[in-house]
Amino acid sequence: MALRTTHGKPTAESVTDTVDWLHALTGCPPIAATHVARCSAHETDDAVWFYVEADAARGVARLRCLACGREQHLTDSAERWSYPQAWACTRCAQSIAEVVLGAHTGNDPQVADWVALAVRCVDCGTIAGLTDVVLPPPGLPLDQVLRTD
Ligand SMILES: [Zn+2]
Ligand SMILES: [Zn+2]
């Protein structure tokens, strides 16, 4: 794991470090599964770069693909949208991120009942947790947590 701390903030060299960072989170439901956000408009196994808007207090988030502009919402964020500011890296101030979801799962390991959204700055590698949301029963399959309108 290439996680290191620079100026007191965790940084990482690849999207797998964001996955590791999520698994190491404390003070929240244990992360049982992770999902790297991708854009359905591109056939790629690589992580995709996004602009991200998120509101930690409201549990809403929206990702916008840097390449094609397609938007994805965190579950029902579109209906509860609170017009949060766009995320920008607290260390280098640019605003393009890789995005990973971390989920707590219930009896069915494929179904999430709580999801946290983390970003990694594609420039300097700083990782941040932006928001989280409880998914009421029966929960949601992790790959359906991000919705394309
Ligand atoms: Zn795209
Ligand atoms: Zn940065």
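Since the model is a prediction, treat every value here as computed from it, not as a measurement. One-based numbering, in listed order, for ligands and for the atoms of each.
- Between Thr34 and Gly102, the shortest heavy-atom distance links the atoms CG2-CA, 4.2 Å.
- Angle SG(Cys92) to the Zn ion (ligand 2) to SG(Cys89), rounded to 10°: 110°.
- Judged by distance alone, the side chains of Arg70 and Ser40 do bring a donor and an acceptor atom under 3.5 Å apart.
- Other residues, nucleotides and ligands contribute more than 12 heavy atoms inside 6.0 Å of the CH2 atom of Trp81.
- With the Zn ion (ligand 1) as the vertex, atom SG of Cys65 and atom NE2 of His42 span an angle of 100° (nearest 10 degrees).
- Other residues, nucleotides and ligands contribute more than 12 heavy atoms inside 6.0 Å of the CD atom of Glu79.
- An angle of 100° is found at the Zn ion (ligand 1) between Cys68 atom SG and Cys39 atom SG, rounded to 10°.
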